[in-house]
Amino acid sequence: MITCPKCGKENQDHYKFCLGCGAELPRGGAAAKPFTSNTPPHGIPAAQARPAAAPASPVGAPPPAAAAAQPAARPAAQATPSGAPPAAGANMVACPQCGHSNVLGNRFCASCGYNLSALSGAQAVPAVAAPVAAGPGGARSITLTALRADGTEAGQYRLPDGASVTVGRDTGSIFAGDSYLSPRHATFTRRGTQLSIRDESSLNGVYLKLKPQDPNRLEFGDVFRIGQEIIRFEELRGLGPSPDGVERFGSPAKGYIGRLALVIGRDTTGNAFPIPERGVHCGRERGDILFSEDGYVSGLHCQVARASDGQVYITDLGSSNGSFIRLRSERPVTGGDILLMGQQLFRVDL
């Protein structure tokens, strides 16, 4: 049994997050878990890697998005005692974030910490493409659902019928009060049974939440977000000789595949971290790059590493609040996908 240091609830040994308050559980009896990168010298496999167009030009980092906060500590009534395995035939619910099966009535997912109570009794399903509902005239009915910090729904907006629909602050409805949204922020386009989204050169961009353990390809210049950190993947290049032909001194970049630079302004970066051949892990408590002051970053959040195909990928490691990639070009979306626009999270419901 593992006793949660935050709320005192007992959890099974294999649980990663407390069923009572959603806090990350200590492992092996220690509050801080030892970190081992487990990245082989040749990089990570690319068998399940998903090439993806990602971020555009960097912008100033907005405040933490809604639905990114850690769940508040509170005792929870469980359908079965957390210290005992579920009874045979017990009703189970699948976590929409990681797919882990939980006992119906648990407030938080034991694997990734997702707030299951936000489902309000509805059965959770994995975030995959869902059957498309037909609207007037056979057009698909598409709804954007805004999510609050605790995962509950804050409002819905049904996209008007039509091949292309542009949303933003001028759209009103659930978008009106967000000053970090551009007047025309993003466009949804229907092509047959496919739905895609395109950033309309908005100031703060459109981010897509990555699915846990699903590698997403990074290219130089791509931007991603974990917690409140906005990070750009950059190429390591020398400045070259001065105009009068004098070579510049500089630390050697041999053995590095790029660097991660924190975006602190529209065209300004702060601290930068080189990425060795073995890759890096990012987190709040464990990893190679730590954001110890950012409470929205999980203990071990994501990995950036080169795969066997020679490409660099970012992989979310089952973090509580997710990893988000900024879209550089039009990209398909499916039912259950989570978008970060302005200060809000939106779930795409088809």
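Keep in mind that this is a model prediction, so the values were computed, not measured.
Ring centroids of Phe233 and Tyr313 are separated by 6.0 Å or more, keeping the two rings apart. Ring pair Phe224/Phe324: centre-to-centre distance not below 6.0 Å.
Using a 4.5 Å cut-off between side-chain heavy atoms of Ile, Leu, Val, Met, Phe, Trp and Tyr, with links allowed through other members, Leu350 and Ile174 fall into the same hydrophobic cluster. Both Val165 and Phe346 are assigned to one and the same hydrophobic cluster, defined by single-linkage of ILVMFWY side chains at heavy-atom distances under 4.5 Å. Following chains of ILVMFWY side-chain contacts shorter than 4.5 Å, one cannot reach Leu317 starting from Leu290, and the two form parts of different hydrophobic clusters.
Using a 4.5 Å heavy-atom threshold, the side chains of Gln344 and Leu181 count as touching. Side-chain contact between Leu208 and Leu327 is present, with at least one heavy-atom pair separated by less than 4.5 Å. Residues Asp316 and Asp214 fail the side-chain proximity criterion, which asks for heavy atoms closer than 4.5 Å. The shortest side-chain heavy-atom distance between Phe175 and Val167 falls under the 4.5 Å cut-off.
Here the closest non-hydrogen pair linking Leu236 and Gly258 is CD1-O, 3.6 Å. Smallest separation of non-hydrogen atoms from Ile197 and Met341: CD1-SD, 4.4 Å.
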Step-by-step side chain to side chain donor-acceptor pair (under 3.5 Å) determination, Thr145 to Gln156: CA-CA 4 Å; Thr145 302; Gln156 293 184 329; 3.3 Å; yes
Are Glu153 and Arg148 close enough, and set up right, to give a salt bridge (charged side-chain N to carboxylate O under 4.0 Å, His left out), and what steps lead you there? CA-CA 6 Å; Glu153 298 180 359; Arg148 295 192 181 93; over 6 Å; no
Could you walk me through whether Arg306 and Ile275 satisfy the side chain to side chain contact (heavy atoms under 4.5 Å, CB included) test, starting with their C-alpha distance in whole Å, then the side-chain angles of each, then the deciding distance to 0.1 Å, before giving a yes or no? CA-CA 10 Å; Arg306 177 179 284 167; Ile275 307 172; over 6 Å; no
Using the rule given for salt bridge (charged side-chain N to carboxylate O under 4.0 Å, His left out), can you reason through Asp222 versus Arg217, listing the C-alpha separation, both sets of side-chain angles and the distance that settles it, and then say yes or no? CA-CA 10 Å; Asp222 285 352; Arg217 184 160 61 90; over 6 Å; no
Determine whether Arg284 and Glu293 satisfy the following criterion, salt bridge (charged side-chain N to carboxylate O under 4.0 Å, His left out), listing intermediate values before the conclusion. CA-CA 7 Å; Arg284 189 182 71 255; Glu293 302 300 320; over 6 Å; no
Please test Glu330 against Arg191 for salt bridge (charged side-chain N to carboxylate O under 4.0 Å, His left out), starting from the C-alpha separation and ending with a verdict. CA-CA 12 Å; Glu330 188 169 348; Arg191 294 185 180 90; 2.6 Å; yes
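In terms of modelled atom types and a separation under 3.5 Å, the side chain of Asp178 and the main chain of Gln343 share a donor-acceptor contact. Remark: the backbone N or O of Gly168 is not paired with any side-chain donor or acceptor of Glu200 at under 3.5 angstrom. For His185 (side chain) and Gly205 (main-chain N/O), a donor-acceptor pair under 3.5 Å exists by modelled atom type. Judged by distance alone, the side chain of Asp288 and the main-chain N or O of His281 form a donor-acceptor pair under 3.5 Å. Between the Arg225 side chain and the Gly227 main chain, a donor and an acceptor come within less than 3.5 Å of each other. Put simply, the side chain of Asp294 never gets that close to the backbone of Phe291: no donor and acceptor are under 3.5 Å apart. Put simply, the side chain of Arg190 never gets that close to the backbone of Leu195: no donor and acceptor are under 3.5 Å apart. Proximity of a side-chain donor or acceptor of Asn204 to a complementary backbone N or O of Tyr180 within less than 3.5 Å is detected. A donor-acceptor pair under 3.5 Å is absent between the side-chain atoms of Thr189 and the main chain of Ser164, judged by distance alone. Without hydrogens or angle criteria, Arg232 side chain to Ala261 main chain gives no donor-acceptor distance under 3.5 Å.
The closest side-chain donor-acceptor pair between Ser242 and Asp244 falls under 3.5 angstrom. Thr187 and Thr166 are linked by a side-chain donor-acceptor pair at a separation below 3.5 angstrom, with hydrogens and angles left out of the test. A donor-acceptor contact closer than 3.5 angstrom is absent between the side chains of Asp349 and Thr143.
Around CZ of Arg237, the count of heavy atoms belonging to other residues, nucleotides or ligands within 6.0 Å does not exceed 12.
Here the rule is side chain to side chain contact (heavy atoms under 4.5 Å, CB included) with Cys302, and of Leu210, Ile231, Ile226 only Ile226 fits it.
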